[in-house]
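Okay, structure first, notes after.
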Amino acid sequence: MGAWLDAFVATFGLIGLGALLRRRVLTDVAVWAGMEKLVFTVLLPALLVSSIGAVRLAELPLGGMAGAIWGALLLGAVLSLLLARALGHSHATATSVLQGGIRFNTLLAFAVAGSVYGPAGIAFGGIATGLIVPFVQVIITLVFSLGGTRRPDPVRVLWQMVTNPLLLACAAGLALSLVGGAPPGWRGCCAARRRARSPSGCSASARR
């Protein structure tokens with residue numbers, strides 16, 4: 001119980017600190033927008049690359065994990081869209097319902113898993129995230145593209161996917177895992193960025 005309390009108090013304490021800073025100290029919206037961009041484009045991708053790349057994929061039941069995770073996400077996506085349709089929401093609102101149903105705060109999950117289970121929790125969370133993030137990003141990108149007044153452009157949709165920092169990070173992490181992990185110098189670089197991601201990301205979460 002103590003480990004769980006430490007993990008949750010530290011994580012949500014950072015969110016509370018971020019909320020306080022947003023309202024009392026760093027009131028400029030541009031500061032938080034820049035921090036969110038830093039987390040999304042640099043810190044979180046570095047976390048994904050280092051976490052996924054450190055895992056030996058051959059020792060994990062990837063097929064079973066993928067089936068369970070993707071099945072649950074697909075069910076959640078279908079139920080979210082059906083709910084939005086039943087409530088008569090517009091497409092724009094339906095996409096928000098969809099994101100609320102299947103999109104998770106990866107930084108919070110990593111912060112809690114790392115605090116409770118240590119490196120093993122971060123590594124396992126990295127693989128789970130490597131399965132979750134691409135699937136969710138593909139679904140959301142497709143649903144967004146199908147809601148416009150024009151027919152979706154397959155090339156544009158594909159470009160949005162292949163340039164997504166989180167998808168690229170998952171792919172890079174899987175590639176590193178297959179070749180035996182990152183070289184020593186790169187490990188240290190990613191580890192430094194990984195340590196910065198929790199306080200920055202959890203504090204930035206309070207902006208919303």
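Excluded from the calculations below are hydrogen atoms, water molecules and symmetry mates; all remaining heavy atoms, backbone and side chain alike, are included. Please read all numbers here as calculations on a predicted model, not as lab measurements.
- Side chain of Ser177 to main chain of Gly173: no donor-acceptor pair is present (N/O by atom type, distance under 3.5 Å, no hydrogens or angles).
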Assess whether side-chain contact (heavy atoms from CB on, under 4.5 Å) is satisfied between Leu81 and Val97, documenting all intermediate values. CA-CA 7 Å; Leu81 292 174; Val97 175; over 6 Å; no

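- Between Thr93 and Ser96, the side chains place no donor N or O within less than 3.5 Å of an acceptor N or O (distance only, hydrogens not considered).
- Here the OG1 atom belonging to Thr41 is positioned 6.5 Å from the NZ atom belonging to Lys37, to the nearest 0.5 angstrom.
- Put simply, Leu83 and Val78 are part of two different groups of oily side chains (I, L, V, M, F, W, Y) that touch within less than 4.5 Å, one to the next.
- Here Leu98 contributes atom CG and His91 contributes atom NE2; the two are 9.0 Å apart, rounded to the nearest 0.5 Å.
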What's the verdict on side-chain contact (heavy atoms from CB on, under 4.5 Å) for Arg103 and Gln137, showing C-alpha distance, side-chain angles and the deciding distance? CA-CA 9 Å; Arg103 201 170 205 169; Gln137 292 297 134; 2.9 Å; yes

Kindly list each side-chain donor-acceptor pair under 3.5 angstrom involving residues 164-172, sequence neighbours excluded, with atom names and distances?
| from | atom 1 | to | atom 2 | distance (Å) |
| --- | --- | --- | --- | --- |
| Asn164 | OD1 | Leu166 | N | 2.9 |
| Asn164 | OD1 | Leu167 | N | 3.3 |

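- For the atom pair CD (Gln99) and CD1 (Ile140), the distance works out to 4.5 Å, reported to the nearest 0.5 Å.
- Here the OG1 atom belonging to Thr141 is positioned 14.0 Å from the CH2 atom belonging to Trp159, to the nearest 0.5 angstrom.
- By the rule that hydrophobic residues join a cluster once side-chain heavy atoms approach within less than 4.5 Å of another member, Leu74 and Ile132 end up as members of one cluster.
- Side chain of Trp70 to main chain of Phe135: no donor-acceptor pair is present (N/O by atom type, distance under 3.5 Å, no hydrogens or angles).
- Leu75 and Leu142 fall into different hydrophobic clusters, where Ile, Leu, Val, Met, Phe, Trp and Tyr are joined by side-chain heavy atoms under 4.5 Å apart, directly or via other members.
- A donor-acceptor pair under 3.5 Å is formed between the side chain of Thr95 and the backbone N or O of Ala92.
- In the hydrophobic clustering of ILVMFWY residues, with side-chain heavy atoms under 4.5 Å counting as a link, Leu178 and Ile127 come out together.
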